[in-house]
Amino acid sequence: MSEHREREHRKREDRECGAYRERRALIGRGAAVWTRTAGTGPQRVLPDGCTDLIWSEAGPDGELLVAGPDTRARLAPGPPGTRAVGLRFAPGQGPAVLGVPAHELRDQLVPLAALWPGAEVRRLAERIAETERIADAERIADAERIADAERTAEAERTAEAERTAARQAVQGRLLEDAALGRLRTAEPPDPVLAAIVAGVSRGTGVAGIAAAVGLGERQLHRRSLAAFGYGAKTLGRVLRLNRALDLARTGVPFAAVAATAGYADQAHLAREVRTLTGVPLGRLLQGSGG
């Protein structure tokens, strides 16, 4: 493929699948701050065992949302071009910040105002919305500063992308600050949670994990529901799926992906991918998943 055709192909993928970026979050334990701009195609959000605190620019004023742990893939809301910034908590981390057990949010997208005091949510929303007003002022100032003769479509797109990135970086830090403030007054993390995640990631069965952490299987299930939104067995399936997709996205053959990620065979991998994401693995890797 020529350089020009490859560049056009990437542009088409960006329009259809949108743009997604993430970085490590300051709250640690594997949390991440992410940004997403919706494309023209379906924006498939895959289960990952996590909860997210989200600022969405959809609507006239934007909105703070919470996405609970998913058991199946879902389509992200919002028309093409909708921007969102999110703080994805590590598995088991969300309840300490959000104030509710994870299973109460399973497979749901709810307003943050349903979980936090209204005044706290309004203050955070106002601080984030202020970054939007500053960006609008900067956009007007840039337009006035650049002479018509010097202005090009490419230059304007570059300037807009830089403003958007800067604005979203500030919005991400505001979400982190809000989470850190709540974590300072929260109970210390349950040490059992890290052992559960490590156990299911190794492929250890529920009975083995329960014995290792000194709990009965029913106790383990209750602790898992509160922390992760589902039991240890489902958490293991979700985390295994994400390991498999990480491998497949690097070009590893599907049979090797299945063996490395802990599936019985390639057919088992194919069934699990379709069950949890709703589409075949090949299609998912072509950009329909996020």
Side-chain angles (χ1 to χ4, degrees), residues 17-18 20-25 27-36 42-54 67-76 84 86-95 102-103 105-109 193-206 209 224-225 227-290:
C17 304
Y20 178 87
R21 301 287 185 274
E22 70 173 52
R23 64 167 175 81
R24 289 183 181 180
I27 60 176
R29 291 180 55 196
V33 174
W34 54 264
T35 63
R36 183 193 299 274
Q43 309 299 299
R44 195 175 301 274
V45 179
L46 305 183
D48 57 11
C50 303
T51 52
D52 295 71
L53 174 59
I54 302 168
D70 294 313
T71 56
R72 298 289 188 274
R74 60 180 174 82
L75 296 182
L87 173 57
R88 185 178 69 240
F89 301 108
Q93 189 180 41
H103 65 82
L105 300 171
R106 184 174 56 231
D107 293 323
Q108 294 189 62
L109 183 67
L193 303 185
I196 295 173
V197 173
V200 299
S201 297
R202 289 192 300 267
T204 305
V206 172
I209 296 172
S224 296
L225 283 179
F228 309 117
Y230 23 65
K233 183 176 180 179
T234 300
L235 176 67
R237 291 177 64 200
V238 167
L239 296 183
R240 181 176 60 185
L241 168 72
N242 281 271
R243 291 197 303 274
L245 293 179
D246 287 343
L247 289 169
R249 287 176 180 129
T250 66
V252 176
F254 291 174
V257 169
T260 304
Y263 293 92
D265 50 32
Q266 187 174 337
H268 183 203
L269 166 66
R271 288 193 303 272
E272 281 288 274
V273 170
R274 184 181 282 275
T275 297
L276 293 174
T277 73
V279 294
L281 179 56
R283 178 178 166 192
L284 196 63
L285 297 178
Q286 290 170 1
S288 61

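None of the values given here were measured: they were computed from a predicted structure.
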Open item on the list: Does Arg21 have more than 12 heavy atoms from other residues, nucleotides or ligands lying within 6.0 Å of its CZ?
Closed with: no
Open item on the list: Working note: Arg44 + Arg283, criterion side chain to side chain contact (heavy atoms under 4.5 Å, CB included); need CA distance, chi angles, decisive distance, verdict.
Closed with: CA-CA 12 Å; Arg44 195 175 301 274; Arg283 178 178 166 192; 4.1 Å; yes
- [ ] Report yes or no: does Arg274 contribute a side-chain atom to a donor-acceptor pair with the main-chain N or O of Val279 at less than 3.5 Å?
- [x] no
Task: Taking every non-hydrogen atom, the tightest pair across Pro91 and Arg29 - done: O-NH2, 4.0 Å
Open item on the list: Which heavy atom of Val273 sits nearest to which heavy atom of Pro280, and what is that distance?
Closed with: CG1-C, 4.2 Å
Task: Test item: Arg243 side-chain N/O and Ala261 main-chain N/O as donor-acceptor pair under 3.5 Å - done: yes
Open item on the list: Test your reading of the model: is there a side-chain donor-acceptor pair from Asp107 to the backbone of Arg74, 3.5 Å cut-off?
Closed with: no
- [ ] Could you tell me whether the side chain of Asp48 and the main chain of Cys50 form a donor-acceptor pair under 3.5 Å?
- [x] yes
- [ ] Report the distance from atom CZ of Phe254 to atom CG of Leu269, rounding to the nearest 0.5 Å.
- [x] 7.5 Å
Open item on the list: In terms of relative ring orientation, are Tyr263 and His268 parallel, tilted or perpendicular, with 30° and 60° separating the classes?
Closed with: perpendicular
Open item on the list: Would you compute the distance between atom CZ of Arg36 and atom CD of Glu22 and round it to the nearest 0.5 angstrom?
Closed with: 10.0 Å
Task: Atom pair CZ (Arg88) and CD1 (Ile27), whose distance is rounded to the nearest 0.5 Å - done: 10.5 Å
TODO: Evaluate the criterion side chain to side chain contact (heavy atoms under 4.5 Å, CB included) for residue pair Arg72 and Thr275; output intermediate values, then yes/no.
DONE: CA-CA 8 Å; Arg72 298 289 188 274; Thr275 297; 3.8 Å; yes
Open item on the list: For Asp70, is there any backbone N or O sitting under 3.5 Å from a side-chain donor or acceptor partner on Tyr230?
Closed with: yes
Open item on the list: Which heavy atom of Ile196 sits nearest to which heavy atom of Ser224, and what is that distance?
Closed with: CD1-OG, 3.8 Å
TODO: Give the minimum heavy-atom separation between Gly94 and Thr51, together with the two atoms involved.
DONE: CA-OG1, 3.4 Å
TODO: Quick one: pull up CG in Leu235 and OG1 in Thr71 and give me the separation to the nearest 0.5 Å.
DONE: 12.5 Å
- [ ] Indicate the atoms forming the closest heavy-atom contact of Ala102 with Gly229, along with that distance.
- [x] CB-N, 3.3 Å
- [ ] Please round to the nearest 0.5 Å and tell me the distance separating atom CZ of Arg249 and atom CG of Leu284.
- [x] 6.5 Å
- [ ] Just do the side chain to side chain contact (heavy atoms under 4.5 Å, CB included) check on Leu46 and Leu276 with the steps written out, would you?
- [x] CA-CA 8 Å; Leu46 305 183; Leu276 293 174; over 6 Å; no
Task: For Phe228, the option from Leu193, Val238, Val200, Thr234 that meets side chain to side chain contact (heavy atoms under 4.5 Å, CB included) - done: Leu193
- [ ] Search all heavy atoms of Thr250 against all heavy atoms of Asp246 and return the closest pair with its distance.
- [x] CG2-O, 3.3 Å
Task: Distance, nearest 0.5 Å, that separates OG1 of Thr277 from CG of Leu241 - done: 7.0 Å
Task: Test item: Thr260 side-chain N/O and Val257 main-chain N/O as donor-acceptor pair under 3.5 Å - done: no
